[in-house]
Amino acid sequence: MKTETIVNAEIELLTAVKKADVLVLEKMLHDDLLFNLPDGNTITKEFDLDSYRSGKIKIDSLEASDQIINIIGDTAVVAVTISLKGAFNNNPISGVFRYVRVWKQFDESLKVIAGSCVALQ
């Protein structure tokens, strides 16, 4: 696994989030994904995908910075700062968040198996 592969996967994932591209997200998120939200709730892949399918989540802008990637065998840990504007259930979301995502290689596909997000501002 190369750093460039992870950088490209992160770009593809964030593009899919911006566009609410459920088909790409379905492919990139592992079925057993667990993700911790800033409010402490833990969500699953299905909860996340349902939020996009239903239109509950809308992303107006998303910018990544300060990315750190550690590759450990067939797994990569990514820490990245995301400046985000959008809405969830018509409630505005605006802020800077620090994400940690864990990517794992499965045969020919790379999938996010875990993650978390904390608010910085």
Side-chain angles (χ1 to χ4, degrees):
M1 186 181 304
K2 295 180 180 174
T3 301
E4 181 184 344
T5 304
I6 302 303
V7 168
N8 290 337
E10 281 281 316
I11 291 167
E12 186 178 356
L13 179 72
L14 294 178
T15 301
V17 166
K18 277 192 254 189
K19 294 179 175 179
D21 189 335
V22 175
L23 292 177
V24 172
L25 292 171
E26 197 162 24
K27 180 185 77 163
M28 298 186 88
L29 303 179
H30 191 275
D31 288 346
D32 295 322
L33 168 78
L34 291 178
F35 191 91
N36 290 332
L37 298 173
D39 64 5
N41 284 317
T42 301
I43 63 169
T44 62
K45 174 182 178 175
E46 272 315 303
F47 181 94
D48 198 30
L49 293 179
D50 285 346
S51 296
Y52 288 101
R53 278 188 202 109
S54 67
K56 281 185 184 176
I57 191 160
K58 295 205 182 329
I59 305 299
D60 298 321
S61 69
L62 184 152
E63 290 180 32
S65 62
D66 302 327
Q67 187 180 64
I68 301 167
I69 299 172
N70 283 349
I71 296 175
I72 307 156
D74 66 354
T75 306
V77 180
V78 177
V80 63
T81 300
I82 303 280
S83 177
L84 181 72
K85 285 190 172 123
F88 184 79
N89 268 349
N90 295 318
N91 297 314
I93 302 168
S94 181
V96 179
F97 302 88
R98 189 73 175 161
Y99 284 77
V100 170
R101 266 189 288 276
V102 181
W103 292 87
K104 183 169 173 52
Q105 186 72 49
F106 292 92
D107 297 321
E108 296 302 311
S109 64
L110 193 58
K111 294 185 182 282
V112 179
I113 60 171
S116 69
C117 174
V118 294
L120 299 179
Q121 295 177 359

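- Going from atom OH of Tyr99 over to atom CD of Glu10 covers 11.0 Å, rounded to the nearest 0.5 Å.
- Here the straight-line distance linking atom OG1 of Thr42 with atom CG of Asn36 works out to 3.5 Å at 0.5 Å rounding.
- When the side chains of ILVMFWY residues are joined at heavy-atom separations under 4.5 Å, either directly or via intervening members, Leu25 and Val100 end up in two distinct hydrophobic clusters.
- Both Leu62 and Leu49 are members of a single hydrophobic cluster when ILVMFWY side chains are connected at heavy-atom separations under 4.5 Å.
- For residues 27-37, the set of pairs meeting the salt bridge (Lys or Arg N to Asp or Glu O under 4.0 Å) definition, not counting sequence neighbours, comprises Glu12-Lys27, Asp31-Lys45.
- For the residue pair Asn41/Asp39, the side-chain donor-acceptor check at 3.5 Å is satisfied.
- Side-chain contact between Tyr52 and Val17: present, with at least one pair of heavy atoms (C-beta onward) separated by less than 4.5 Å.
- Here the shortest heavy-atom pairing between Ala76 and Met1 reads CB-SD, 3.8 Å.
- Separating the CG atom in Leu37 from the SG atom in Cys117 is a distance of 7.5 Å, to the nearest 0.5 Å.
- Note: Lys111 NZ to Leu13 CG = 12.0 Å, rounded to the nearest 0.5 Å.
- Heavy-atom minimum distance, Ala119 versus Pro38: N-CB, 4.3 Å.
- Taking both residues in full, the closest heavy atoms of Ala64 and Ile82 are given as CB-CD1, 3.8 Å, listed atom of the first, atom of the second, then distance.
- The side chain to side chain donor-acceptor pair (under 3.5 Å) analysis of residues 74-85, with sequence neighbours excluded, yields the pairs Asp74-Lys104, Thr81-Arg98.
- Among all heavy-atom pairs drawn from Ile71 and Gly73, the shortest one is CG2-O, 3.8 Å.
- Here the options are Ile113, Val112, Val102, Ile43, the test is side-chain contact (heavy atoms from CB on, under 4.5 Å), and the partner is Leu33; only Val112 passes.
- Phe88 and Leu29 end up in the same hydrophobic cluster when Ile, Leu, Val, Met, Phe, Trp and Tyr side chains are linked at under 4.5 Å.
- In this structure, Val24 is a member of the same hydrophobic cluster as Val7, with clusters built from ILVMFWY side-chain heavy atoms closer than 4.5 Å.
- At least one donor-acceptor pair closer than 3.5 Å links the side chain of Thr15 to the backbone N or O of Ile11.
- The two residues Phe35 and Ser116 have their closest heavy-atom pair at CE1-N, 3.6 Å.
- For the atom pair CZ (Phe47) and NZ (Lys56), the distance works out to 6.0 Å, reported to the nearest 0.5 Å.
- For the residue pair Ile93 and Ala87, the shortest heavy atom distance occurs at CD1-C, 3.8 Å.
- Residues Val118 and Phe97 have side chains not in contact (no heavy-atom distance under 4.5 Å, counting atoms from C-beta outward).
- For Glu46, the salt bridge (charged side-chain N to carboxylate O under 4.0 Å, His left out) partners are Arg53, not counting sequence neighbours.
- With hydrogens and angles ignored, the 3.5 Å screen pairs no side-chain donor or acceptor of Asp48 with any backbone N or O of Thr44.
- Of the inter-residue distances, the one linking Leu14 atom CG with Leu84 atom CG reads 10.0 Å to the nearest 0.5 angstrom.
- Under the 4.5 Å side-chain heavy-atom criterion for Ile, Leu, Val, Met, Phe, Trp and Tyr, Ile69 and Val77 are members of distinct hydrophobic clusters.
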